[in-house]
Peer 1: 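This is the structure I want to talk about, given as C-alpha cells.
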Amino acid sequence: MRLRAVLFDMDGTLLDTAPDFIAVCQAMLKARDLPAVDDQLIRDQISGGARAMVAATFAMDIQAEGFEALRLEFLERYQQHCAVLSRPFDGMPELLADIEQAKLIWGVATNKPVCFAGPIMQQLGLAERSAVLVCPDHVSRSKPDPEMLLLACQKIGVQPGEVLFVGDDARDIEAGRAAGCKTAAVTYGYIHPNDNPRHWGADVVVEHPLELRGVLDRALCSC
C-alpha cells in the first residue's frame, strides 16, 4: 500500500521545544535565588514530561512535600512561554515542503495538551498547513495506546497502513505499530541517555529530518 500521509510527534520530532522548557526551569530556579543547572539535565528529561523536568531541576522526589506546587508553577509559566523559543528542527521546514510538494497529507499526534500544542503550531505558522492535530484532550488514552493515531487517520481520511508515523520515543513507535502504521524513530530528539531508538522496533531509524526524504521516496515508489 502506498504512502498517503505522514504524522509527526511534536516535541523532539517535529519541533525543538527544549529551549522553552529550559527557560522555564531556569527562571523558576532564579526566582528562588538558586543556581542554574546544566541545560542538558533538563533536556534529557523532556520525554518524561513536567514531573520529570521539575524533579531533575530541583533534584527533588516527586513525592516530596512542595513538589506538586512546583509542577503547577511550571505548567503555568510554560503556558506563557511555550511558543517563544521553540522552532522546527534543522531540515524540518525543507522536509515539510517536500511532503506538501508530493501531495502528501501531514499532521501531528502528540501527548502534549492542546492548550500548549495549539498556540505553538499557530505561532510557527504550521496550524494552517497541518491537516490534523490530535492531543490527549481528544482521546481517552494517549500514546503508547494507538487511539490517538487511529483518530488522526480517521480525521484525514486515510488507512493506518498508508501512514508513516515519526517519533522520538518508544511510546511513539509502540503506538504506531499498534495502529498499523509504518514507523520511523528519530535519534535527534529528546532521547534519555539510557535509551536507544534502534531497540524500539521501528521500521526505520533516522538521524536527521532530511533522511526521511529517502524513506518517503521509497514509500511513494512502492506498490
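We're numbering straight along the sequence, starting at 1.
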Peer 1: Give the table of side-chain donor-acceptor pairs shorter than 3.5 Å for residues 29-37, with sequence neighbours excluded, one pair per line with atom names and distance.
Peer 2:
residue	atom	partner	partner atom	Å
R32	NH1	M28	O	3.0
R32	NH1	E73	OE2	3.3
R32	NH2	E73	OE1	2.4

Peer 1: Output the distance between atom CG (L15) and atom CE (M92), rounded to the nearest 0.5 Å.
Peer 2: 8.0 Å
Peer 1: When the side chains of residues 176-183 are checked against the rest of the protein, which donor-acceptor pairs come out under 3.5 Å, sequence neighbours left out?
Peer 2:
residue	atom	partner	partner atom	Å
T183	OG1	D203	N	3.1
T183	OG1	D203	OD2	3.3

Peer 1: For P193 and D44, work out which heavy atoms get closest and say how close.
Peer 2: CG-OD2, 3.5 Å
Peer 1: Any side-chain heavy atom of E94 within less than 4.5 Å of one from R213?
Peer 2: yes
Peer 1: Find out whether L3 and E162 are in side-chain contact, i.e. whether some heavy atom of one side chain is under 4.5 Å from a heavy atom of the other.
Peer 2: no
Peer 1: A side-chain contact here means heavy atoms from C-beta on lying under 4.5 Å apart; do V166 and L212 qualify?
Peer 2: yes
Peer 1: May I ask you to decide if S86's main-chain N or O and D20's side chain share a donor-acceptor pair within less than 3.5 Å?
Peer 2: yes
Peer 1: Looking at every non-hydrogen atom in both residues, tell me the closest pair between P119 and A83 and how far apart they are.
Peer 2: O-CB, 4.1 Å
Peer 1: Would you sort out whether F116 and T110 count as a side chain to side chain contact (heavy atoms under 4.5 Å, CB included), showing the intermediate values?
Peer 2: CA-CA 11 Å; F116 305 128; T110 174; over 6 Å; no
Peer 1: Closest heavy-atom contact between A109 and L149?
Peer 2: CB-CD2, 3.6 Å
Peer 1: Can you tell me how far the CG atom of L7 sits from the SG atom of C153, to the nearest 0.5 Å?
Peer 2: 6.0 Å
Peer 1: Please report the C-alpha distance between K112 and C82 in whole Å, then the side-chain angles of each, then the deciding distance to 0.1 Å, and finally whether the side chain to side chain contact (heavy atoms under 4.5 Å, CB included) criterion is met.
Peer 2: CA-CA 11 Å; K112 197 182 197 78; C82 66; 5.5 Å; no
Peer 1: Any chance you could measure R87, atom CZ, to L14, atom CG, to the nearest 0.5 Å?
Peer 2: 13.5 Å
Peer 1: Ignoring hydrogens and angles, tell me if any N or O in the side chain of D195 forms a donor-acceptor pair with the backbone of H192 under 3.5 Å.
Peer 2: no
Peer 1: To the nearest 0.5 Å, tell me how far L216 CG sits from L104 CG.
Peer 2: 6.5 Å
Peer 1: Given the rule that I, L, V, M, F, W and Y join up when any side-chain heavy atoms are under 4.5 Å apart, are I156 and V6 in one cluster?
Peer 2: no
Peer 1: Is it the case that Y190 and D16 place a side-chain donor and acceptor less than 3.5 Å from each other?
Peer 2: yes
Peer 1: Do Q154 and L151 touch side chain to side chain, with heavy atoms closer than 4.5 Å?
Peer 2: yes
Peer 1: Specify the closest pair of heavy atoms between I105 and A131, including all atoms of both residues, with the distance to one decimal.
Peer 2: CG2-CB, 3.3 Å
Peer 1: Under 6.0 Å from the CD atom of E76, do we count more than 12 heavy atoms belonging to anything else shown?
Peer 2: no
Peer 1: Test of understanding: clusters of I, L, V, M, F, W, Y form through side-chain heavy atoms closer than 4.5 Å, transitively. Do L41 and V24 belong to the same one?
Peer 2: yes
Peer 1: If you look at every heavy atom in L124 and P88, which pair is closest and at what distance?
Peer 2: CD1-CD, 4.2 Å
Peer 1: Would you say that V139 contacts R141 through its side chain, given a criterion of any heavy-atom pair below 4.5 Å between the two side chains?
Peer 2: no
Peer 1: Looking at every heavy atom in both C135 and A117, which two are closest together, and how far apart are they?
Peer 2: SG-CB, 3.8 Å
Peer 1: Identify whether the distance between the nearest side-chain nitrogen and carboxylate oxygen of E207 and R198 falls below 4.0 Å.
Peer 2: yes
Peer 1: I'd like to know if the side chain of N111 reaches the main chain of K143, judged simply by a donor and an acceptor atom lying under 3.5 Å from each other, with no hydrogens or angles considered.
Peer 2: yes
Peer 1: Just verifying a value: how many Å separate L96 CG and R129 CZ, rounded to the nearest 0.5 Å?
Peer 2: 5.5 Å
Peer 1: Counting N and O atoms only, with roles assigned by atom type, does the side chain of Y188 sit under 3.5 Å from a partner on the main chain of T13, one being a donor and the other an acceptor?
Peer 2: yes
Peer 1: Does the side chain to side chain contact (heavy atoms under 4.5 Å, CB included) test come out yes or no for R71 and R51, once each step is laid out?
Peer 2: CA-CA 6 Å; R71 187 186 72 86; R51 285 185 175 83; 3.5 Å; yes
Peer 1: Answer yes if L95 and M10 sit in the same cluster of Ile, Leu, Val, Met, Phe, Trp and Tyr residues linked by side chain heavy atoms under 4.5 Å apart, and no otherwise.
Peer 2: yes
Peer 1: May I ask whether I46 and W200 are part of the same hydrophobic cluster, defined by side-chain heavy atoms of I, L, V, M, F, W, Y residues being less than 4.5 angstrom apart, directly or through others?
Peer 2: no
Peer 1: Less than 4.0 Å between a side-chain N and a carboxylate O, is that true for R171 and E174?
Peer 2: no
Peer 1: Is a side-chain donor or acceptor of R4 paired with a backbone partner of Q159 at a separation under 3.5 angstrom?
Peer 2: no
Peer 1: Which atom pairs, one a donor and one an acceptor, fall under 3.5 Å between side chains of residues 53-67 and the rest of the protein, sequence neighbours left out?
Peer 2:
residue	atom	partner	partner atom	Å
T57	OG1	M53	O	2.7
D61	OD1	Q63	N	2.7

Peer 1: To the nearest 0.5 Å, what is the distance between OH on Y78 and CZ on F21?
Peer 2: 3.5 Å
Peer 1: With respect to I191, which candidate in V186, N196, D168 satisfies the side chain to side chain contact (heavy atoms under 4.5 Å, CB included) definition?
Peer 2: D168
Peer 1: If two hydrophobic side chains count as joined below 4.5 Å and joins carry through other members, does L150 share a cluster with F165?
Peer 2: no
Peer 1: Apply the test side chain to side chain contact (heavy atoms under 4.5 Å, CB included) to residues V215 and L164: give CA-CA distance (whole Å), side-chain angles for both, the deciding distance (0.1 Å), then the verdict.
Peer 2: CA-CA 9 Å; V215 176; L164 175 68; 4.1 Å; yes
